[in-house]
Each structure stands twice: as C-alpha cells, then as structure tokens.
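Heads up, the thing below is written out as structure tokens.
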Amino acid sequence: MAEGRAPRAGADGKKFERRRRAAAAMAEEAPEDGAVRTLPSLRRLSRGLPFGRSHGRLIVPALCSQEKADPQKTAFVLRKAWTLYSVTPLYGFRRARLRDYARLLGAFIAAEKQKGLAVEVGVELDIKVALSSLADIRGSELDQAALLVQLSSRSRSSSRNSEDKPVWLGWFCSVFGDELSESVPEHFTCLPLFLSHGAESYTALVGSWFQKTFDCCFRRLAISPLNLSWMVAMWAGCKLDRAASAVELVFSVPRLAQPLDISYAIHPEDAKALWDTVQKTPGEITHEEVDVFMDCLYAHFHRHFKIHLSAAKLVKISTAIASAHCDGIVKILHSQYLPGVLMLLTELAISQIQ
C-alpha cells in the first residue's frame, strides 16, 4: 500500500471504498498513452493541506466524465466569472418548498430595495425569483442535487409576454461532499459550495435571506498561492480533444510603491510535456512533483529574464480547463472537466467550514 493511502479496514475503509466506487462510476476509460490527468482527491481537506493530501501525497480519482449529464442544463456554468463562497449546512431546508422560498426571497429583496417598506408576499414584483434543483450537478448519488437561484428583472413598459431579463445567478452544490453530509445531524442539508455571478448587492441580499431563514453562514472562499500551484499543475496535465489555450500564471510583486504584475504564458503542449516528465505515478500527485513542476517554470523564466518568480505571489492561473484567482473567482471553460473542478472547489469549501 502506497504511503498516505487510507486504510481499507474499519470505518475509514468503508469511506475509502465508497469514494472509490463513486469515482469509478464517473470515470472514463484512459487513453492508451496513459496521459489522462485527474483533478482533485475525493478525500476531505484537513489542517490546511491542499486537496486532501496525506503526508504530501494526493491520490486522485480517474477523469470525471460529464457524459451522463445534459449539457444544456449545465451550459450556464461555463465561461462565466463565478465568485466562490463556503456555506455551513442549511437547517430545515425542504426541496418541496422551492416555490414558497422563491416568493419569500422575492418579497425580502423588494422590501430591502425599498428600504424596509412592507411588501406583500405574492404581489408581482420588479424582481422575479426562481429556485430549482439541478440533479445533473453532483458527484454521486450520495450528494445533494445542486440548487440554482435566479433573479430576473421585469420591465413594466414591456408587454407581459416578453421574457424577463436575467440579472443575477447563484447556485449551491456539493460534488463528492458526502463526508460532510454524514457528519451533520438530521434536518440539515449540506451544500457547502456557493457560486455567484452578478452584482454583489444581490449576492448580499440572497445570502442574508438564506442565513436568516436556514441558520447558515456564508463566507468568501479565497484560494491560496499553494492551492493555485496545485491547480495549474493538475490542469496543465489534462489531455484535451481540441486545441488548448496557453497556460498562464500571473504573479504580484510585493513591497513596491506601484503595483506590478508579471504574466507568464506557457504553450499548453510544453506545459503538459513538462508535467508528464515530472509525474512519477499516474493517478497520484505528490507535493514534491508540484514543487518540481513549479521550480522548472521558475528556472526557465529566470534564465530568460533574470527575475526570481518564487519571490513574488502567485495570484491567478489560467488553463484550457479553468482559470482561478486568489480572491476566489473561478471561470470554468471545459464541460468535460466540470465535475472534477467542482469536486476540487467543494473540498476547499469544506476545509473552510471545518
């Protein structure tokens, strides 16, 4: 047994086996060249270690496939800048009451926009609220279906048959987050990752209503430079069936009178070739391998520009799979890797809750 693997006996063994089966159900057959790179670990993050590593080793599941999901139902996720939040378990949440929740949330938003004036529930408002379940966005049958919150504006001057204009989107999800679900009491719903797209004022209103209604807590989810380095290493090694964009790293130089960012772009084939030479065991990523990958990039940059990037702060990474900023803003670009990216973000959200 490799160092850092979970034991297969007792309670821990049952969890390991359950996660193994969930990963197998989502897996694609690996290409003959063995170049498939999988994304995050199914294990829970703990003590600040990135992506569930144990003793510096990350055991990653097989490539997550999106074949069983309806692409039209998940297309709204792609190519949007999503702001990340972690959310503690919701108390007393019921899927059967989504329409009631939508009416109550709509009345709350209207009252807040009118500075506390009373608003009758059920009266047609300028902002229309819709809540719906997304069964296609989850890692396994053990996960709760994602919850989509949509805000649309109604124009009083337009005809009643005209379409409402979307103004804000937010959604809760849990992708292979079943460990958190098992650890909370009954009547709690675990959807630890929340992603929002739109005006921050609406995010604040929606978050405030959910916190008051379900006794939960929202918290911005930042991404550390260490986790960004793991992301770029994993995603740079993913094989794509079409031309890929450059792998880009953006660094912020500290202690300068004027802000200075350094952008470092690498051809995707070069980045993948480098990772293939670094990774020793397919299906596993170690802390040492990520360090070697990053050190090679730093050494190449220093050789050409005489700048030590290791002295700067990694603040953003971009690949053909996704881009991520240290402020907790993510853009997912490739539908095939959607479950894997969300699994990784779910783990980061859980680590902040614990």
Side-chain angles (χ1 to χ4, degrees), residues 40-41 43-53 77 80-93 101 105 108-109 112 131 134 137-139 143-151 168-185 187-231 313-317 322-332 341-354:
S41 165
R43 298 186 197 173
R44 182 188 302 177
L45 280 156
S46 62
R47 298 194 182 104
L49 294 177
F51 312 148
R53 290 186 296 116
V77 174
K80 288 186 177 71
W82 297 100
T83 302
L84 307 179
Y85 295 81
S86 65
V87 185
T88 57
L90 284 65
Y91 177 75
F93 176 81
Y101 296 155
L105 176 56
F108 174 81
I109 292 174
E112 290 295 313
L131 272 67
L134 298 172
I137 301 181
R138 56 181 174 179
D143 287 331
Q144 293 277 344
L147 174 66
L148 176 65
V149 184
Q150 297 172 286
L151 303 185
W168 183 90
L169 285 174
W171 49 293
F172 302 81
C173 73
S174 176
V175 178
F176 288 107
D178 51 287
E179 283 192 27
L180 179 62
S181 300
E182 291 179 349
S183 65
V184 300
H187 306 307
F188 283 89
T189 298
C190 294
L191 294 167
L193 178 64
F194 180 73
L195 306 91
S196 71
H197 174 75
E200 290 186 7
S201 58
Y202 284 123
T203 303
L205 289 173
V206 172
S208 178
W209 183 82
F210 270 89
Q211 290 179 132
K212 293 177 180 179
T213 306
F214 303 109
D215 195 22
C216 61
C217 180
F218 282 67
R219 184 181 175 188
R220 277 291 298 267
L221 182 58
I223 306 175
S224 70
L226 177 60
N227 285 340
L228 287 175
S229 66
W230 277 71
M231 287 179 179
K313 178 185 177 183
L314 180 61
V315 295
K316 181 181 179 181
I317 60 103
S323 66
H325 193 280
C326 64
D327 288 341
I329 298 174
V330 168
K331 185 179 291 186
I332 304 171
V341 174
L342 292 177
M343 181 163 46
L344 166 59
L345 298 178
T346 297
E347 288 199 354
L348 290 176
I350 292 174
S351 71
Q352 185 162 279
I353 294 171
Q354 294 172 335

| query | So do I223 and V330 actually touch side chain to side chain, heavy atoms under 4.5 Å? | reply | yes
| message | To the nearest 0.5 Å, what is the distance between CE on M343 and OG on S174? | response | 11.5 Å
| Rounded to the nearest 0.5 Å, how far does CG of L342 lie from CZ of F176? | 11.0 Å
| task | For the pair S208 (side chain) and A204 (backbone), establish whether a donor and an acceptor sit closer than 3.5 Å, ignoring hydrogens and angles. | result | no
| query | How many angstroms lie between CD in Q144 and OG1 in T189, if you round to the nearest 0.5 Å? | reply | 5.0 Å
| field | Heavy-atom pair of closest approach, residues G177 and D143 | value | N-OD1, 3.1 Å
| request: Step by step, work out the side chain to side chain contact (heavy atoms under 4.5 Å, CB included) result for W171 and L191. | output: CA-CA 9 Å; W171 49 293; L191 294 167; over 6 Å; no
| Q150: partners by side-chain hydrogen bond (donor to acceptor under 3.5 Å, both in side chains), with sequence neighbours left out | none
| field | Exercise: identify the closest heavy-atom pair between L228 and L314 | value | CD1-O, 3.5 Å
| said: Applying side-chain contact (heavy atoms from CB on, under 4.5 Å), can you list everything that pairs with K80, at least two apart in sequence or on another chain? | reply: F76, W82, L169, H197
| message | Going by side-chain hydrogen bond (donor to acceptor under 3.5 Å, both in side chains), name the residues that satisfy it together with S86, two or more places apart in sequence or in a different chain. | response | Q352
| field | Pairing residues for Y202 by the side-chain hydrogen bond (donor to acceptor under 3.5 Å, both in side chains) criterion, not counting sequence neighbours | value | K113
| task | Could you tell me which non-hydrogen atom of C173 sits nearest to which non-hydrogen atom of L195, and how far apart they are? | result | SG-CD1, 4.2 Å
| field | Over all atoms of both residues, closest heavy-atom pair of V184 and P89 | value | CG1-CG, 3.8 Å
| task | Taking the side chain as every heavy atom from C-beta outward, state whether W209 and E112 have any pair of such atoms under 4.5 Å apart. | result | no
| Sequence neighbours excluded, which residues qualify as side-chain contact (heavy atoms from CB on, under 4.5 Å) partners of S196? | T83, Y85, W168, F194, T203
| message | Under 6.0 Å between ring centres: does that hold for F210 and F93? | response | no
| query | Can you name the closest pair of heavy atoms from I350 and P192 and give their distance? | reply | CG1-CG, 3.8 Å
| query | When rounded to the nearest 0.5 angstrom, what is the spacing between CG in L345 and CE in M231? | reply | 5.5 Å
| message | Once ring pair (Phe, Tyr, Trp, His ring centres under 6.0 Å) is applied, do any residues pair with F188, and if so which ones, sequence neighbours excluded? | response | Y91
| task | Look up atom CD1 in I109 and atom CG in L151, then write down how far apart they are to the nearest 0.5 Å. | result | 4.5 Å
| request: Kindly give the heavy-atom pair with the smallest separation between C217 and T88, and that separation in Å. | output: N-OG1, 2.7 Å
| request: Mind checking the CD-CG spacing from Q211 to L90? Nearest 0.5 Å is all I need. | output: 10.0 Å
| query | Listed by chain and number, what are the side-chain contact (heavy atoms from CB on, under 4.5 Å) partners of S224, not counting sequence neighbours? | reply | L226, N227
| remark: Those residues at least two apart in sequence (or on a different chain) that pass side-chain contact (heavy atoms from CB on, under 4.5 Å) with S201 are A199
| query | Under 4.5 Å between any side-chain heavy atoms of I137 and V77, yes or no? | reply | yes
| field | CG (D327) with more than 12 external heavy atoms under 6.0 Å | value | yes
